[in-house]
Number of protein chains: 2
Amino acid sequence: MSARPAETDQPAKEPRRKGRLHTSTVDALHRMIVTGDLEPGQKLREQELCERLGVSRTPLREALRTLAAQGLVQLTQNRGAEVAPLTLADITALFDVVGSLEALAARLACKAMTDEAIAEIGVLHYRMMLHHVRDELPDYFALNQQIHRAIIEGAQNPVLLGVWEALAARVERAKYLPNLQPNRWKAAMHEHDAMLAALVARDGNELGRLMEAHFHNGLAAILAANGAEAPPETAVDGSA
Amino acid sequence: MSARPAETDQPAKEPRRKGRLHTSTVDALHRMIVTGDLEPGQKLREQELCERLGVSRTPLREALRTLAAQGLVQLTQNRGAEVAPLTLADITALFDVVGSLEALAARLACKAMTDEAIAEIGVLHYRMMLHHVRDELPDYFALNQQIHRAIIEGAQNPVLLGVWEALAARVERAKYLPNLQPNRWKAAMHEHDAMLAALVARDGNELGRLMEAHFHNGLAAILAANGAEAPPETAVDGSA
DNA sequence: ATGCTGTATTTTGCATACAAGTTTGAAAAG
DNA sequence: CTTTTCAAACTTGTATGCAAAATACAGCAT
């Protein structure tokens with residue numbers, strides 16, 4: 001379903017197919033924000049984005065409202081939009097919530113998933129491991145994301161899926177901040193080993209515990225990496 | 001259609017203050033959907049809503065996008081918007097997620113809240129109890145909501161607050177479905193008693209457990225009330 | 001020199017106009 | 001009588017124009 005064609009496009013003013021402008025505008029902005037192409041706190045002037053994306057202000061504004069509801073953009077009355085800041089405090093808060101949701105998903109998935117679906121996750125797991133030993137980071141990331149998504153979908157709870165998808169975008173933003181150190185990478189793989197074992201054993205509580213810990217470790221890595229080397233504007237916690 | 005309540009505001013075409021049209025449109029639609037004034041599954045034709053709310057299509061469409069991102073409205077390409085259906089399966093899923101989030105909030109709040117804030121919740125609690133013995137349901141509901149919100153805010157996690165607010169709207173929708181039986185009401189009050197005790201004791205795990213159970217009991221009441229007496233169109237689980 | 005004020009420019013918010021897609025219904029063919 | 005086709009009406013999607021708010025800046029007063 002979510003398999004999108006590679007499509008690196010950042011379309012300038014190519015005359016798109018006539019429908020689906022709103023959707024593709026949302027996606028384009030979504031990517032730009034997640035990848036950091038648009039930086040946290042950056043002011044988003046409508047006219048400028050319109051030219052960049054090749055759409056008029058109406059669909060652009062609708063896209064901004066959608067993204068604002070997802071927490072990627074911040075709107076202020078009569079003062080326009082800016083990319084939502086991403087402070088370390090925000091990231092901490094975010095990981096607490098997502099960790100909790102994944103733990104819930106784990107418990108539900110262990111009850112609801114079919115043996116076949118679990119086996120498919122096993123396949124993904126070993127493919128991911130392959131990318132790990134080959135040092136192919138982007139592919140590793142993609143598989144990692146797919147595994148987490150599969151577990152969430154395995155919970156068979158549409159509300160959970162919807163909330164998770166919205167938050168996953170922000171998690172992705174956080175992942176683009178630091179360079180993932182090899183140490184953390186290796187540790188993450190081991191954590192995934194344990195997670196798969198728990199899933200196969202259908203031990204929901206254990207899997208939940210593991211996933212929550214997995215998330216907290218990822219958070220710690222991000223905090224460590226950025227607390228030391230981040231430029232001041234990036235993400236210092238906003239006491240003001 | 002359904003009888004609308006008093007209807008003091010709901011401005012027809014009064015020339016509003018020039019700003020804030022978008023926000024108030026979102027709020028108005030929000031209320032209409034939550035209260036059931038707009039029924040689940042109902043098709044939302046833009047022109048009709050424009051006349052009813054006294055705005056043009058542009059801000060209305062922006063509002064619909066916002067509500068869609070919050071899960072109150074469902075959009076389909078070139079086929080417009082409809083009020084998101086609210087099946088019993090949806091409600092079950094929703095309560096699982098919100099219960100889990102409130103449990104998280106409980107753990108965090110027990111650590112983060114000041115004594116003063118906890119005391120304020122105590123005040124709200126006893127005011128709510130007063131409305132209970134006086135049989136004042138709407139006031140009870142309002143206080144109940146305030147207490148839950150105060151605990152979420154006490155967790156001091158802006159992400160959690162944002163997610164919870166979006167989901168709370170859907171929970172409200174569910175509450176408007178059945179007539180709350182007096183039995184459930186009484187039980188809910190007792191559960192709140194225990195919750196307050198755990199909060200004062202700052203026992204986060206216990207409070208989390210209690211709040212999750214509180215939610216599940218509420219869900220069971222709704223399911224029971226509707227499984228038996230709901231009209232077929234309302235909320236039968238949507239296999240389709 | 002500094003602070004304030006009024007005006008010009010920019011930018012957002014809303015409304016309307018136009019284009020493209022979808023639905024409906026009636027007429028014609030089987 | 002049923003089914004198919006096609007066009008008219010309606011609905012949504014997008015672009016543009018206009019008004020109000022905010023910002024920037026120059027000129028003035030202190």
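Everything numeric here is computed off the predicted structure, so don't read it as measured data. In what follows, chains carry the letters A, B, and so on, assigned in the order in which the sequence lines appear, proteins first and then strands, with residues in each chain numbered from 1.
For B/E48 and D/dC10, the CD to P distance is 15 Å, given to the nearest whole Å. Atom CZ in A/R45 sits about 17 Å away from atom C1' in D/dA21, given to the nearest Å. Residue B/Q47 contributes atom CD, which lies 12 Å from atom P of C/dT16 at whole-angstrom precision. For the pair B/N78 CG and C/dT22 P, the computed distance is 5 Å after rounding to whole Å. Whole-Å rounding puts the A/Q77 CD to C/dG13 P distance at 6 Å. Atom CD of B/E46 is separated from atom C1' of D/dG13 by 8 Å (rounded to the nearest Å). Following rounding to the nearest Å, B/R57 (CZ) and D/dT14 (C1') show an atom-to-atom distance of 9 Å. To the nearest angstrom, C1' of D/dT11 lies 15 Å from CD of B/E82.
Nearest heavy atom pair, residue B/F95 against residue B/A174, reads CE1-CB, 4.2 Å.
Using a 4.0 Å cut-off on heavy atoms, the residues of residues 58-66 of chain B that approach DNA chain C are B/T58, B/P59, listed by number.
Taking the salt bridge (charged side-chain N to carboxylate O under 4.0 Å, His left out) definition, one finds that A/R45 meets it with A/E48, sequence neighbours left out. For A/R57, the salt bridge (charged side-chain N to carboxylate O under 4.0 Å, His left out) partners at least two apart in sequence or on another chain are A/E46. By the salt bridge (charged side-chain N to carboxylate O under 4.0 Å, His left out) test, B/R65 is found to be paired with A/E62, residues two or more places apart in sequence or in another chain being considered. The side chain to side chain donor-acceptor pair (under 3.5 Å) search around B/E116 returns none, not counting sequence neighbours. A/R127 meets the salt bridge (charged side-chain N to carboxylate O under 4.0 Å, His left out) test with no other residue; sequence neighbours excluded. Contacts of B/D27 classified as side-chain contact (heavy atoms from CB on, under 4.5 Å), with partners at least two apart in sequence or in another chain: B/T23.
Between B/D90 and B/R173 there is no salt bridge, since none of the side-chain N atoms of the basic residue sits less than 4.0 Å from a carboxylate O of the acidic one.
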So which protein nitrogen or oxygen atoms get under 3.5 Å of nucleotides 23-25 of chain C's nitrogens or oxygens?
unit_1: C/dT23; atom_1: OP1; unit_2: B/R79; atom_2: NE; d: 3.4

Which atom pairs, donor and acceptor, lie under 3.5 Å between side-chain atoms of residues 148-163 of chain B and protein residues at least two apart or in another chain?
unit_1: B/H148; atom_1: ND1; unit_2: B/E102; atom_2: OE1; d: 2.8
unit_1: B/H148; atom_1: ND1; unit_2: B/E102; atom_2: OE2; d: 3.3
unit_1: B/H148; atom_1: NE2; unit_2: B/N144; atom_2: OD1; d: 3.4
unit_1: B/H148; atom_1: NE2; unit_2: B/H192; atom_2: NE2; d: 3.3
unit_1: B/R149; atom_1: NH1; unit_2: B/E165; atom_2: OE2; d: 2.8
unit_1: B/R149; atom_1: NH2; unit_2: B/E165; atom_2: OE2; d: 3.2
unit_1: B/N157; atom_1: OD1; unit_2: B/V159; atom_2: N; d: 3.0
unit_1: B/N157; atom_1: OD1; unit_2: B/L160; atom_2: N; d: 2.9
unit_1: B/N157; atom_1: ND2; unit_2: A/A93; atom_2: O; d: 3.1

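Note on A/L44: only backbone sugar-phosphate atoms sit closer than 4.0 angstrom, heavy atoms only; bases stay farther off.
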